[in-house]
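Accompanying notes for the structure given below.
In each ligand, atom 1 is the first atom listed, and ligand 1 is the first ligand listed.
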Amino acid sequence: MKIGIDKIGFATSQFVLKLQDLAVARNIDPEKLSKGLLLKELSIAPLTEDIVTLGATASQSILTEADKQDIEMVILATESGIDQSKAGAVFIHGLLGIQPFARSFEIKEACYGATAALDYARLHVASHPNAKVLVIASDIAKYGIETSGEPTQGAGALAMLVTSNPRILSFNGDAVAQTRDIMDFWRPNYSTTPFVNGVYSTKQYLDTLKTTWAEYQKRFNRSLEEFSAVCFHLPYPKLALKGLQKLLTKELSEEKRSQLTYNFEQSIRYSQKVGNIYTGSLYLGLLSLLENQPQLVAGEKIALFSYGSGAVAEFFSMTLVEGFEKHLRTDRLQELDTRTPVRVAEYEDLFFAEAILDETGSAIFSNYDNQTYALTEIREHERVYHAVEDQA
Ligand code: CAA
């Protein structure tokens, strides 16, 4: 039985910051960001948008009422959770109106979480072939003003419906994971922004790629010649490009090298305009590849490299299934251009705003008309979410 991704949805926040403007404000050469990091824009989320609203919006864009009756699990992968106890998946389950006898929970291992969630979904479907599992990767990446990571922030969510007989991609059952107990990027409970050993983190990313790929080759005796594309975790696309270059050895044919390079360029197009969305970044790269490379054909294999700081890495592959192109969109780049541009001062206010609670632990928010779902208030420490049309 084939198991895989039947539908993929994406949502990002309503505001966008041009990195050209950030470079000017920070007195950096704009080419350091456009060529040094390969980034153009960042999505900026206000207080009323969080991992729950973004995850619900991405999911709502793909789910039918029938899907909501068939979903048996909602797994939210995130490293920007909004509560230490209650899973964001439970809020999303409620907002979407998924049938009650479902299991909903949150999963975490930095940017690797969604890959673990997909594998758990695969295992569930393997033993319950009629089940559907909703896997959501939702994050808001905030490093702070004037930090080295500032140009690599972002906000967004991917929603993937995992089923038997999937209509987009099937898993090939060839995953190899690797765990290393390191401190390259982490966020203690008392901090709203992460601590980062930036250069060390990039070395770990590249070294776990090299060693996990070597182990994958050993176990499965496969060469890159078998793949049409490699998608990478995209903290910023330039690091993934370095990763690709490490894999493009001299033994590969010239034709394969140029195919993999061209397809890599298609896989970074969305991230270049959204920024880092942590655990969703790899799957945003996959979506970007599928929606911007019309030459891909059913049966072709795509390799994926997942990396989450701390660190867990995984190399695995998926195969495109017949008719996959009918379940994708071709207007997403234009849609990204409808986000509202913000100046640097507005970005600083919007992105780093904290809810100011009164003595009862309450705050009421406004200005969420452009959202599908919104955090509308905090009422005595309870987060209150609504579908925006219900509020009108
Ligand atoms: N024109 C063109 N290129 C220029 C330039 C200019 N004027 N000035 C500099 N550059 C180039 C540099 O040569 C460099 O390119 P190479 O890497 O090819 O040498 C690139 O721009 C970046 O410049 P720096 O090396 O000076 O680095 P930086 O100050 O921009 O910081 C970073 C880079 C440390 C990674 C920083 O962005 C950061 O801390 N990011 C957050 C951590 C991160 O993303 N780590 C990735 C691995 S961890 C992970 O993957 C998990 C996750 O999602 C966080």
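Shortest contact from atom 42 (C) of ligand 1 to any protein heavy atom: Val196 CG1, 3.6 Å. Of the protein's heavy atoms, Tyr143 OH, 3.2 Å lies nearest to atom 54 (C) of ligand 1. Protein heavy atom in closest approach to atom 39 (O) of ligand 1: Ser148 OG, 3.1 Å. For atom 22 (C) of ligand 1, the nearest protein heavy atom (residue, atom name, distance) is Leu37 CD2, 3.9 Å. Closest protein heavy atom to atom 44 (O) of ligand 1: Pro235 CB, 3.5 Å. Counting protein heavy atoms only, atom 16 (P) of ligand 1 is closest to Lys242 NZ, 3.3 Å. Remark: minimum distance from atom 10 (N) of ligand 1 to any protein heavy atom is reached at Lys32 CG, 3.8 Å. Protein heavy atom nearest atom 11 (C) of ligand 1, with residue, atom name and distance: Gly36 CA, 3.6 Å.
Any N or O atom pair closer than 3.5 Å counts here, and Asn276 shares at least one such pair with ligand 1. Between Tyr236 and ligand 1, no pair of N/O atoms sits closer than 3.5 Å. Any N or O atom pair closer than 3.5 Å counts here, and Asp29 shares at least one such pair with ligand 1. At under 3.5 Å, not a single nitrogen or oxygen of Thr202, backbone or side chain, sits near a nitrogen or oxygen of ligand 1. Below 3.5 Å of separation, one finds an N or O of His233 facing an N or O of ligand 1. Checked by distance only, ligand 1 and Ser201 come closer than 3.5 Å through their nitrogen or oxygen atoms.
For the pair Lys218 and Glu215, the salt-bridge criterion is met [side-chain N within less than 4.0 Å of a carboxylate O]. Ion pairing of Asp119 with Arg122 is present here, as a side-chain N (NZ or NE/NH1/NH2) and a carboxylate O approach within less than 4.0 Å. The pair Glu41-Arg339 meets the salt-bridge criterion, with a side-chain N (NZ, NE, NH1 or NH2) lying under 4.0 Å from an Asp/Glu carboxylate O. By the 4.0 Å N-to-carboxylate-O rule, Glu79 lies too far from Lys108 to be salt-bridged with it. Between Lys68 and Glu65 there is a salt bridge, since at least one side-chain N of the basic residue sits less than 4.0 Å from a carboxylate O of the acidic one.
Listed by number with element, the atoms of ligand 1 under 4.0 angstrom from any heavy atom of Tyr307 are 48 (S), 49 (C), 50 (O). Within ligand 1, counting atoms from 1 as listed, the ones closer than 4.0 Å to a heavy atom of Lys238 are 15 (O), 16 (P), 18 (O). Heavy-atom proximity to Leu239, at under 4.0 Å, picks out these atoms of ligand 1: 46 (C), 47 (C).
Under the side-chain contact (heavy atoms from CB on, under 4.5 Å) test applied with Leu289, the options Leu296, Leu284, Ile268, Val230 reduce to a single match, Leu296. When each of Ile44, Asn370, Leu42 is tested with Phe15 by the rule side-chain contact (heavy atoms from CB on, under 4.5 Å), just one qualifies, namely Ile44.
For residues 174-191, the salt bridge (Lys or Arg N to Asp or Glu O under 4.0 Å) pairs, not counting sequence neighbours, are Asp174-Arg222, Arg180-Asp207. Contacts classified as salt bridge (Lys or Arg N to Asp or Glu O under 4.0 Å) and involving residues 150-167 (residues at least two apart or in different chains) are given here: Asp6-Arg167, Arg26-Glu150.
Across the listed options Glu31, Gln204, Gln153, Glu31 owns the non-hydrogen atom lying nearest to atom 2 (C) of ligand 1.
Heavy-atom neighbours of Asp358 CG from other residues, nucleotides or ligands within 6.0 Å: above the threshold of 12.
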Please evaluate residues Arg329 and Glu335 with respect to the criterion salt bridge (Lys or Arg N to Asp or Glu O under 4.0 Å), reporting the C-alpha separation (whole Å), side-chain torsions for both, the decisive distance (0.1 Å), and the verdict.
CA-CA 11 Å; Arg329 284 175 50 177; Glu335 190 179 81; 2.9 Å; yes
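The presence of a protein heavy atom under 4.0 Å from atom 51 (C) of ligand 1 is confirmed.
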